[in-house]
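What you see below is based on every heavy atom in this structure, not just the backbone, and it leaves out hydrogens, waters and symmetry mates. This structure is a prediction, so every number in the text was calculated from the model and none was measured. Chain A is the first sequence line, chain B the second, and so forth, proteins listed ahead of strands; every chain is numbered from 1.
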2 protein chains.
Amino acid sequence: MKVRKTAGFPPASAPDDTHGDGPDFELIELFFFAYRDFVGEPDRLLEKHGFGRAHHRVLHFVNRNQGLHVAELLELLEITKQSLARVLKDLIEAGLIEQRAGETDRRQRLLFLTAEGAALAASLAEMQDARVARAKAAIGAHNRGTIVRFLSELIDPRASLLPRKATEPRQP
Amino acid sequence: MKVRKTAGFPPASAPDDTHGDGPDFELIELFFFAYRDFVGEPDRLLEKHGFGRAHHRVLHFVNRNQGLHVAELLELLEITKQSLARVLKDLIEAGLIEQRAGETDRRQRLLFLTAEGAALAASLAEMQDARVARAKAAIGAHNRGTIVRFLSELIDPRASLLPRKATEPRQP
DNA sequence: GAAATATGTCAATAACGTTGACGCAAATAG
DNA sequence: CTATTTGCGTCAACGTTATTGACATATTTC
C-alpha cells in the first residue's frame, strides 16, 4: 500500500477549521480519536483475560461504588438487564466480583470486587490515569477545572443518579 | 423501583477525588459519560435512517475528506476492510455516498458524498457541534486551546495519517 | 508477462447491545 | 394474611459492529 504520508497530528483537521464558522470539526474529531485511544489501551489488557469493554465498565463502577446493587448499576450504565447479565456472570465466575444479599432488602444483590477484581480494576484505572495525567501535564494542573467543566457540559442532564457518596460502601 | 435519589451530577465521582493521590476517577468517568452522550444524540437520528454509529463515522470522514479512497478510510478508522464493506455498501445503496474511479489509478475508488449524504452529515455534525459549542461557552472561548491540547495528548502518537489538507477534494 | 496493489466478496465467528416473557423470592399494600 | 409489587435471574431470538482468512478481479508496476 503506497500511501502518501506527511507529518502532522491530529489527522483530519486542517489548522484552518479552528476559526471557521462551520462546525468545530477539529474538536469533534479530536474527541473521537481521544476516546478511541483512551479505551483502546485497556481493551488490550482485558483481551488477555478474555474480557471486553463491557466488563471494564462493570469492574470500574463496582470498584467505585462497592456494594451497589444490580438496579443501580443498570441505571449507571444505561443498559438493559440482559446486557448486564452475561457480563456480570463472566466476572462472578472468574472470581472478580462477589454478590451478597442486601441486609435491609434481601432480594438485592450487592456487588463487591474481590481482591483479584480490585487488582484488575486498579490496573485498568492506572492505564487511563497515566494517559490523563500526561494530558493534564500538557495543559498545566491549573487548567484541570476547565476540562472538568467542558466534559460536564457535554453530558446530558439527567434526573441524577447515584444516591450516596461514591467510594464508601453502603450504610444500611 | 425505589431508588434513593439525590441531586448532583456527575454521578459517580465524589468531590473529594479531585485532589486525591489515586487515579483521577473524576476525569476518567466524565470522559466516559461525555463520550456516551456525545455519540448518543446522533445515534438516535441515524436510527431513523436505519444506520448505526459506523455509518456516522464513514459519513463524517468522507465529508471531511471528499475524494479519499478506501484504503485511506480504513487507515483513518482503524478497522478492517470487511467491517467497512457492509457499512459502505449501505451508504452507497442509500445514495448517500458515490464512488468514482481514481483518475491516476483507476483501481482506486474515490469516495464522495452526494447532496443527500452531505445533508445527513451536516445534520449529524450540527448536533455534535451544538453540544460542543455549549461546552465551549461554559469554559470561555479563550480556553478552547486547552481542550484541544488536552484531547490531543490523550491520543496515541501515530505514524501520521492523512496526507493532504482535509477539506479540499483531491488534486490528481 | 509476472508480481504487486486496490478493491470487492464469501464464510465463519465474537462482543455487545436490544426486546419480550417467565419464574422465584422477598417486601409491601390492602 | 393474602395479594400485589419489586429485585433479580434466565430463556429465546435477534441486530449491529467488529474480527480473521481466503479468494477473485482489475489495474499498475517492475
Residues at least two apart in sequence or cross-chain that pass side-chain contact (heavy atoms from CB on, under 4.5 Å) with A/Ala101, listed by chain then number, are A/Arg109
Result block: side-chain N/O donor-acceptor pairs under 3.5 angstrom for residues 115-127 of chain B, not counting sequence neighbours:
residue, atom, partner, partner atom, Å
B/Ser123, OG, B/Ala119, O, 3.2

For DNA chain C, determine which residues of residues 48-58 of chain B have any heavy atom closer than 4.0 angstrom to one of its atoms, and list them numerically.
-> none
Residue met sooner reading DNA chain C from 5', once B/Lys89 and B/Asp105 are mapped to nucleotides = B/Asp105
What pairs with B/Ser83 under side-chain hydrogen bond (donor to acceptor under 3.5 Å, both in side chains), at least two apart in sequence or on another chain?
-> B/Thr80
When you measure from every atom of DNA chain D, which of residues 90-102 of chain B have a heavy atom less than 4.0 Å away?
-> none
Output the distance between atom NZ (B/Lys136) and atom CG (A/Leu154), rounded to the nearest 0.5 Å.
-> 11.0 Å
Is the base of C/dT7 touched by the side chain of B/Arg109 through a donor-acceptor pair closer than 3.5 angstrom?
-> no
In whole angstroms, the gap separating P of D/dG7 from CG of A/Leu88 amounts to 17 Å
Can you sort out the partners of B/Arg86 under salt bridge (Lys or Arg N to Asp or Glu O under 4.0 Å), two or more places apart, ordered by chain and number?
-> none
Enumerate, atom names and distances included, each donor-acceptor pair closer than 3.5 Å involving a side-chain atom of residues 53-62 of chain B, sequence neighbours excluded.
residue, atom, partner, partner atom, Å
B/Arg53, NE, B/Asp43, OD1, 3.4
B/Arg53, NE, B/Asp43, OD2, 3.2
B/Arg53, NH2, B/Asp43, OD2, 2.6
B/His55, ND1, B/Gly52, N, 2.9
B/His55, NE2, B/Asp90, OD2, 2.9
B/His60, NE2, A/Glu29, OE2, 2.6

Residue set satisfying side-chain hydrogen bond (donor to acceptor under 3.5 Å, both in side chains) with B/Glu98, at least two apart, ordered chain then number -> none
Those residues at least two apart in sequence (or on a different chain) that pass side-chain contact (heavy atoms from CB on, under 4.5 Å) with B/Ala133 are none
Residue set satisfying side-chain contact (heavy atoms from CB on, under 4.5 Å) with B/Ala85, at least two apart, ordered chain then number -> B/Gln82
What nitrogen or oxygen pairs link the protein and nucleotides 18-21 of chain C at under 3.5 Å?
residue, atom, partner, partner atom, Å
C/dT18, OP2, A/Thr80, N, 2.7
C/dT18, OP2, A/Thr80, OG1, 2.6
C/dT18, OP2, A/Ser83, OG, 2.5

Residues forming a side-chain contact (heavy atoms from CB on, under 4.5 Å) with A/Leu74, sequence neighbours excluded = A/Val70, A/Ile79, A/Lys81, A/Leu84
Under 3.5 Å donor-acceptor pair, A/Arg107 side-chain atoms to D/dT6 base atoms = yes
Ranking D/dT6, C/dT7, D/dT28 by distance to the side chain of B/His69, first place goes to C/dT7
